[in-house]
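Reading through the structure tokens given below for one structure.
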Amino acid sequence: MNALSHEERRDRIAELAPDELAEIEAEDEEDEWDLPALPNAEDVEEVRMRCAPNPNGPWHVGHARMPAVIGTYRERYDGWFCVRFDDTDPETKRPDLEAYDDILDDIEYLGFEPDAVYRASDRVETYYEHARELIELGGAYTCSCSGETFSELKNDGEACPHREKDVATVQEEFEAMVEGEYDSGEMVLRVKTDIDHKNPALRDFVAFRMIDTPHPRDVASEYRCWPMLDFQSGIDDHLVGVTHIIRGIDLQDSAKKQRFVYDYFDWEYPEVVHWGHVQLDAYDVPMSTSSIKELIDAGDLDGWDDPRAPTLASLRRRGIRGDAITDAMIGLGTSTSNVDLAMSSIYANNRELIDDESDRYFFVRDGTEIPLGGSPPAEANPPLHPDHEERGDRAIPIGDAVLVEPADVPDREERVWLKGLGCFQYTRDTLQYTGESIDVVREGDVDVIHWVPADENVPLRLRTMEGDVLGHAEPGVAALDSDDTVQFVRVGFARIDRHEDEETVAYFTHP
RNA sequence: GCUCCGUUGGUGUAGUCCGGCCAAUCAUUUCGGCCUUUCGAGCCGAUGACCUGGGUUCAAAUCCCAGACGGAGCACCA
């Protein structure tokens with residue numbers, strides 16, 4: 001009705017003022033995008049972006065923002081994006097060899113495919129070459145100050161004695177770094193910025209340092225001299241032609257540091273967009289790779305896909321579509337303030353995606369058994385989906401007794417409507433079939449509840465964010481395939497995970 | 001301590017650059033109503049926000065100043 005009147009209105013406007021209509025619809029076209037326009041996107045031949053994760057574990061939900069926003073911009077501008085694993089710290093942010101593929105999987109789940117994939121640990125020689133060039137330009141020096149010593153000098157705006165070394169010495173010492181002749185902490189290469197820059201964070205930052213621990217990837221295990229993120233990332237962004245950098249506020253100062261390097265090389269720095277941190281409501285577990293890992297190691301979580309873990313693997317197992325997450329992330333925009341993402345927003349998106357295809361089944365939690373009397377029908381035949389009669393009915397044999405949820409057990413002499421079956425009155429601890437029509441429900445006197453036969457049913461474990469719930473589902477659930485999503489009537493949506501000998505396991509999706 | 005950045009309903013967001021059409025958009029949440037043999041869907045409706053104080057102006061969510069609150073960086077982490 002609404003759509004129709006909208007059409008009518010549109011036609012009316014088309015008749016009266018065709019020019020205005022075109023204008024209105026052109027504006028609508030622009031409004032199609034929820035994200036703000038990228039700065040100067042029109043000035044570049046191709047919008048090129050990168051998604052630069054640290055492969056130190058599978059992704060939590062917050063990570064989804066990167067591919068969601070970058071991938072959406074790619075579609076919008078018909079641009080390009082790569083995934084670049086910034087795995088240049090084999091020690092404190094030690095890469096997890098499985099995480100590289102896990103992350104690419106997660107990105108695919110979210111609905112995107114990168115145009116290219118790089119690993120920084122494959123490109124160390126490239127960073128060395130640029131370091132050499134930078135040294136030659138007088139933009140870097142080797143420094144053997146301890147961290148504390150340099151920090152003190154830096155905070156006072158004073159240069160350390162190494163800053164004035166001649167280029168030949170710096171070259172020599174840097175080559176010794178590359179050859180691994182120093183131990184961890186002995187020598188670094190610093191970028192010469194501005195030693196009394198008003199922001200202490202920007203003064204002569206470290207570009208390369210020594211790390212004794214070998215990189216877990218075989219191809220990179222011989223390197224001991226590793227670039228820091230600000231250097232490596234800055235070089236790579238230029239080399240792959242990145243036009244727009246989109247990253248978190250924790251890297252707000254990065255652009256300023258990297259500009260010093262770009263100035264030495266006479267490169268043009270990309271446009272930058274910074275966003276704040278994402279918090280999720282609804283979880284007890286903190287959303288950080290390291291704390292989730294600790295909980296798994298301690299046995300408090302079953303794994304990365306435990307329903308209580310705020311990870312993408314978990315949401316996926318619960319039957320939440322990647323698109324539901326992506327859309328919620330797009331809705332957050334790109335503001336620099338920290339944001340709380342409500343899970344309900346992901347749920348609302350997902351419900352819209354799965355409601356239509358999720359058939360309906362009964363699942364009774366903690367069932368209370370009640371005998372039936374009064375000769376009810378032998379079989380109940382509720383529809384698989386109330387909006388899709390063409391899908392047919394389920395067949396639920398009745399037997400002599402049913403299980404209902406304890407909260408649904410009616411008071412004495414009260415009537416209750418067993419959904420898909422009929423009206424019963426609770427008399428002498430028995431549900432007596434009354435044969436009344438559905439009108440008694442319409443009149444509002446009788447509650448509709450779900451149930452399963454006490455004899456023929458499927459024991460089912462429903463894994464939820466609050467822990468596992470045991471109960472029994474109607475027989476048809478045994479025939480469902482893994483990955484099917486269903487709606488357990490009056491309980492909520494769930495994804496069928498597997499059938500075991502003793503029970504079927506399903507994951508609770510959301511109400 | 002030094003340096004950046006931010007603050008629109010419960011949550012997120014639009015609007016802020018270029019002041020008026022903003023008693024402020026959209027989504028979600030919550031609460032009602034209708035419908036439905038549903039916790040779902042659909043339809044209708046309601047509640048609910050411009051951090052504070054000054055200033056400029058005919059006019060401020062929007063510009064200026066101050067303050068409060070929040071965040072980030074000052075790592076040989078990313």
Side-chain angles (χ1 to χ4, degrees), chain A residues 1-2 31 34-36 52-56 85-89 91-95 120 143 145-148 150-151 154-155 157 184-190 197-203 205-211 225-226 228-230 232-233 247-254 256-257 274 276-279 281 289 327-349 351-352 354-356 358 360 362 382-383 385-387 417-423 437-442 446-450 487-493 510-511:
Chain A
M1 196 61 196
N2 246 350
D31 289 343
D34 288 328
L35 290 170
N54 176 345
N56 64 342
F85 292 104
D86 285 346
D87 55 348
T88 55
D89 183 352
E91 198 164 276
T92 52
K93 292 258 165 126
R94 187 169 178 78
C143 170
C145 291
S146 72
E148 303 86 76
F150 187 84
S151 178
K154 180 195 71 178
N155 289 337
S184 168
E186 254 186 276
M187 187 69 81
V188 298
L189 183 76
R190 287 185 188 281
H197 193 284
K198 65 175 180 171
N199 185 347
L202 308 184
R203 298 170 189 166
F205 62 90
V206 173
F208 286 82
R209 82 297 209 188
M210 305 302 300
I211 295 180
C225 173
W226 285 95
M228 299 286 290
L229 176 78
D230 284 318
Q232 172 265 120
S233 168
R247 63 184 167 202
I249 41 170
D250 45 331
L251 267 13
Q252 269 177 132
D253 289 336
S254 249
K256 290 169 190 154
K257 290 188 193 173
H274 290 288
H277 296 291
V278 184
Q279 311 272 351
D281 65 357
T289 306
D327 290 347
M329 289 297 169
I330 298 306
L332 295 182
T334 56
S335 82
T336 58
S337 40
N338 292 347
V339 296
D340 291 328
L341 172 60
M343 279 305 290
S344 59
S345 143
I346 291 178
Y347 294 161
N349 291 339
R351 202 174 286 127
E352 203 164 315
I354 68 170
D355 179 51
D356 198 60
S358 300
R360 274 49 175 168
F362 294 150
H385 195 298
D387 302 334
W417 186 280
L418 297 188
K419 193 174 163 65
L421 182 54
C423 187
S437 82
I438 191 64
D439 290 338
V440 297
V441 172
R442 296 212 173 94
V446 178
D447 291 333
V448 175
I449 64 169
H450 61 289
Q487 187 193 98
F488 286 135
V489 176
R490 298 185 65 226
V491 175
F493 291 90
H510 47 63

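Naming: A, B, ... by sequence-line order, numbering from 1 per chain.
We find that CG of A:Asp356 is positioned 18 Å from P of B:U38, with the value rounded to whole Å. Distance A:Tyr347 OH to B:G12 C1': 16 Å, rounded to the nearest Å. Distance CH2 (A:Trp417) to C1' (B:U36): 14 Å, rounded to an integer number of Å. Rounded to whole angstrom, the span from the NZ atom of A:Lys198 across to the P atom of B:G1 amounts to 18 Å. Rounded to whole Å, atom P of B:U11 lies 18 Å from atom CE of A:Met329. Look at CG on A:Leu341: it is 18 Å from P on B:G10, rounded to the nearest Å. Counting to the nearest Å, the P atom of B:C5 and the NE2 atom of A:His274 are 11 Å from each other. Taking atom NE2 of residue A:His385 and atom C1' of nucleotide B:U37, one finds them 15 Å apart after rounding to whole Å.
By the side-chain contact (heavy atoms from CB on, under 4.5 Å) test, A:Ala348 is found to be paired with no residue, residues two or more places apart in sequence or in another chain being considered. Annotation: side chain to side chain donor-acceptor pair (under 3.5 Å) contacts of A:Glu352 (sequence neighbours excluded): none. Listed by chain and residue number, A:Ser254, A:Lys257 satisfy the side chain to side chain donor-acceptor pair (under 3.5 Å) test with A:Asp230 (two or more places apart in sequence, or in another chain). In this view, A:Asp439 and A:Ser437, A:Arg442 satisfy the side chain to side chain donor-acceptor pair (under 3.5 Å) rule, not counting sequence neighbours. Remark: A:Arg360 engages A:Asp355 in a salt bridge (charged side-chain N to carboxylate O under 4.0 Å, His left out) (not counting sequence neighbours). With sequence neighbours left out, the side chain to side chain donor-acceptor pair (under 3.5 Å) criterion links A:Asp87 to A:Tyr100, A:Ser121.
Pairing for B:U47 is absent, with no Watson-Crick or G-U wobble pair whose two atom distances lie under 3.5 Å. Pair assignment for B:A59 gives none, since no Watson-Crick or G-U wobble pairing has each distance under 3.5 Å. Taking a pair to require two hydrogen-bonding distances under 3.5 Å in either a Watson-Crick or a G-U wobble arrangement, B:U37 remains unpaired. Using N1 to N3 plus N6-O4 or O6-N4 for Watson-Crick, or N1-O2 and O6-N3 for G-U wobble, each under 3.5 Å, B:G12 pairs with B:C26. Base pairing of B:C2: its partner is B:G73, meeting the Watson-Crick or G-U wobble criterion (both donor-acceptor distances under 3.5 Å). Figure legend. B:U7 is base-paired to B:A68; pairs are counted as Watson-Crick or G-U wobble with both atom distances under 3.5 Å.
Across B:C65 and B:C26, the matching C1' atoms stand 34 Å from one another, rounded to whole Å. B:G67 and B:C44: their P atoms are spaced 50 Å apart (whole Å). Rounded to whole Å, the separation between the C1' atoms of B:G48 and B:G53 comes to 25 Å. B:U3 and B:G20 have their C1' atoms separated by 38 Å, given to the nearest Å. Nucleotides B:U47 and B:U8, compared at atom P, are 22 Å apart to the nearest Å. For the P atoms, the distance from B:C50 to B:U25 is 13 Å, rounded to whole Å. Between B:G19 and B:C35, the two C1' atoms lie 47 Å apart (nearest whole Å). If you take atom P in B:C18 and the same atom in B:C63, they sit 8 Å apart, rounded to whole Å.
Applying the side chain to side chain donor-acceptor pair (under 3.5 Å) test to every pair with at least one member in residues 336-346 of chain A, sequence neighbours left out, gives these pairs: A:Ser335-A:Ser337.
Side-chain contact check for A:Leu229 versus A:Leu251: some heavy-atom pair is nearer than 4.5 Å. For the pair A:Ile354/A:His510, a side-chain contact is recorded, criterion being any heavy-atom separation below 4.5 Å from C-beta on. Counting heavy atoms from C-beta on, the side chains of A:Cys143 and A:Phe150 come closer than 4.5 Å.
In this structure, A:Arg442 reaches the sugar-phosphate backbone alone: every heavy-atom distance under 4.0 Å involves primed, P, OP1 or OP2 atoms, never a base. Counting non-hydrogen atoms under 4.0 angstrom, A:Gly492 reaches a base of the nucleic acid. A:Val491 comes within contact range of at least one nucleobase, with a heavy-atom separation under 4.0 Å.
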Exercise. Mark up nucleotides 66-78 of chain B, 5' to 3', with B wherever a protein heavy atom is under 4.0 angstrom from a base atom, S wherever such an atom reaches only the sugar-phosphate, and - elsewhere.
Key: -----BSBSSBBB
Each nucleotide N or O in nucleotides 25-30 of chain B that has a protein N or O under 3.5 Å away: list the pair and distance.
| from | atom 1 | to | atom 2 | distance (Å) |
| --- | --- | --- | --- | --- |
| B:U28 | O2' | A:Ser344 | OG | 3.3 |

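Of the residues near RNA chain B, A:Lys419 and A:Ala328, the one whose nearest nucleotide (by heavy atom distance) lies more toward the 5' end is A:Ala328.
Note on A:Ser358: every side-chain N or O is 4.0 Å or more away from OP1 and OP2 of B:G40.
Among A:Ile449, A:Ile438, A:Asp447, the single residue meeting the side chain to side chain contact (heavy atoms under 4.5 Å, CB included) criterion with A:Trp417 is A:Ile438.
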